[in-house]
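Step one of this worksheet: look at the structure below.
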Amino acid sequence: MSGLRPGRILVSEAELQTRVHELGRAIARDCAAEAPILVGVLQGAFLFMADLIRAIPIDLTTDFIGLSSYGSGRQQSSGQVRLVSDLSMPIEGRQVLIVEDIVDTGLTLAYLKRNLESRRPERVRVCVLVDKIERRQVELDLDYVGFTIPNVFVVGYGLDYGGLYRNLPYIAELEGASVPRRVSGP
Ligand code: 5GP
């Protein structure tokens, strides 16, 4: 196990709860016409998803999809996204809301949006808890963003490092982590 540990808290437990409730109200306003299906991206988004759905006071359904782009214990994307577990039901004609923990280069979400759009849903929206916008490599429309943070590697509230620290109730910087500038190339 590496010596890297959670350090400075970037988003406190109270700030998370306040913002998740604001996002929930905004989503309820926009999506009330037809029960949306919220698609949580495993594993990182499971805590956010659990809190978010309780803050959306309209009819909705949930499903999960598993993607992998980071190897265990890595701090930057491999750039190659793989579907590791698929949705349990068709989304054709449905209003879909992707619920993602963090967007960095944007490669994972771009892949997921393309993949879901090919299944002919009525609409695909995206809700991201944390946006590291400085690192974006592809253009992405994000409908709901919880927090924008600088280019640091973070853990907690579902986000892991080598499988650890998902259970922290806040988001913290990983202490001693190197800060990746690009996914590939010099
Ligand atoms: P992207 O494809 O946008 O570069 O990366 C998205 C995925 O990378 C996220 O779903 C998440 O799993 C992982 N990721 C990106 N930045 C961080 C970070 O700061 N901390 C953690 N724990 N995972 C991250």
Side-chain angles (χ1 to χ4, degrees), residues 1-12 15-16 19 23 38-52 63-87 96-117 124-185:
M1 186 145 307
S2 82
L4 301 179
R5 308 270 322 160
R8 183 170 63 111
I9 294 179
L10 287 189
V11 188
S12 71
E15 287 168 329
L16 280 168
R19 187 71 186 123
L23 292 172
L38 273 68
V39 173
V41 185
L42 293 172
Q43 295 187 34
F46 77 101
L47 272 185
F48 176 40
M49 177 91 159
D51 284 344
L52 184 66
D63 206 343
F64 287 92
I65 197 160
L67 299 176
S68 120
S69 61
Y70 280 35
S72 166
R74 295 180 54 178
Q75 289 165 40
Q76 56 185 306
S77 174
S78 64
Q80 283 182 338
V81 185
R82 274 188 317 122
L83 184 67
V84 292
S85 69
D86 204 355
L87 297 176
V96 174
L97 178 67
I98 298 173
V99 178
E100 173 66 304
D101 52 0
I102 190 162
V103 56
D104 185 30
T105 62
L107 294 169
T108 306
L109 259 181
Y111 167 90
L112 179 58
K113 254 191 121 175
R114 266 198 318 277
N115 181 300
L116 295 186
E117 270 159 4
V124 178
R125 290 185 171 94
V126 181
C127 176
V128 170
L129 181 64
V130 177
D131 186 6
K132 292 206 279 195
I133 196 157
E134 281 175 44
R135 294 253 309 146
R136 196 76 85 254
Q137 289 190 1
V138 288
E139 206 172 299
L140 262 185
D141 283 335
L142 304 177
D143 300 275
Y144 310 96
V145 175
F147 301 92
T148 300
I149 64 163
N151 179 17
V152 293
F153 193 85
V154 289
V155 292
Y157 198 65
L159 290 156
D160 76 311
Y161 176 66
L164 293 174
Y165 313 130
R166 292 193 198 278
N167 53 328
L168 299 176
Y170 47 79
I171 294 178
E173 190 173 342
L174 190 69
E175 209 150 71
S178 64
V179 178
R181 297 284 160 204
R182 287 174 58 88
V183 163
S184 59

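Atoms within each ligand, like the ligands themselves, are counted from 1 in listed order. Nothing here was measured: the structure is a model prediction, and the numbers come from that model.
Distances shorter than 4.0 angstrom do not occur between any heavy atom of Gly44 and any atom of ligand 1. Proximity of Val152 to ligand 1 is established by a heavy-atom distance of less than 4.0 Å.
Proximity to Asp101 (heavy-atom distance under 4.0 Å) selects the following atoms of ligand 1: 9 (C), 10 (O). When each atom of ligand 1 is checked for a heavy atom of Thr105 under 4.0 Å away, the hits are 1 (P), 2 (O), 3 (O), 4 (O). Those atoms of ligand 1 that come under 4.0 Å of a heavy atom in Lys132, given as number and element, are 16 (N), 17 (C), 18 (C), 19 (O).
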Item to check | CA sep, side-chain torsions, deciding dist, call: Asn115, Val81, side chain to side chain contact (heavy atoms under 4.5 Å, CB included) | outcome: CA-CA 11 Å; Asn115 181 300; Val81 185; over 6 Å; no

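Side chain of Lys132 to main chain of Val152: a donor-acceptor pair is present (N/O by atom type, distance under 3.5 Å, no hydrogens or angles). Distance alone, capped at 3.5 Å, is enough to place a donor-acceptor pair between the Arg19 side chain and the Gly146 backbone.
Looking at Ile171, Val155, Ile102, Asp160 and measuring to atom 22 (N) of ligand 1, the nearest heavy atom belongs to Asp160.
Between Arg5 and Glu175 there is no salt bridge, since no side-chain N of the basic residue sits under 4.0 Å from a carboxylate O of the acidic one. Salt bridge status for Asp131 with Arg136: present, with a side-chain N to carboxylate O gap under 4.0 Å.
Ligand 1 has no N or O atom lying under 3.5 Å from any N or O atom of Tyr161, backbone or side chain. Considering both main-chain and side-chain atoms, Val154 comes within under 3.5 Å of ligand 1 through a nitrogen or oxygen pair.
Using modelled atom types, one finds no donor on one side chain facing an acceptor on the other under 3.5 Å when comparing Tyr157 with Asn167.
Taking the side-chain hydrogen bond (donor to acceptor under 3.5 Å, both in side chains) definition, one finds that Asp143 meets it with nothing, sequence neighbours left out.
For Glu100, every heavy-atom contact with ligand 1 shorter than 4.0 Å involves the side chain, none the backbone.
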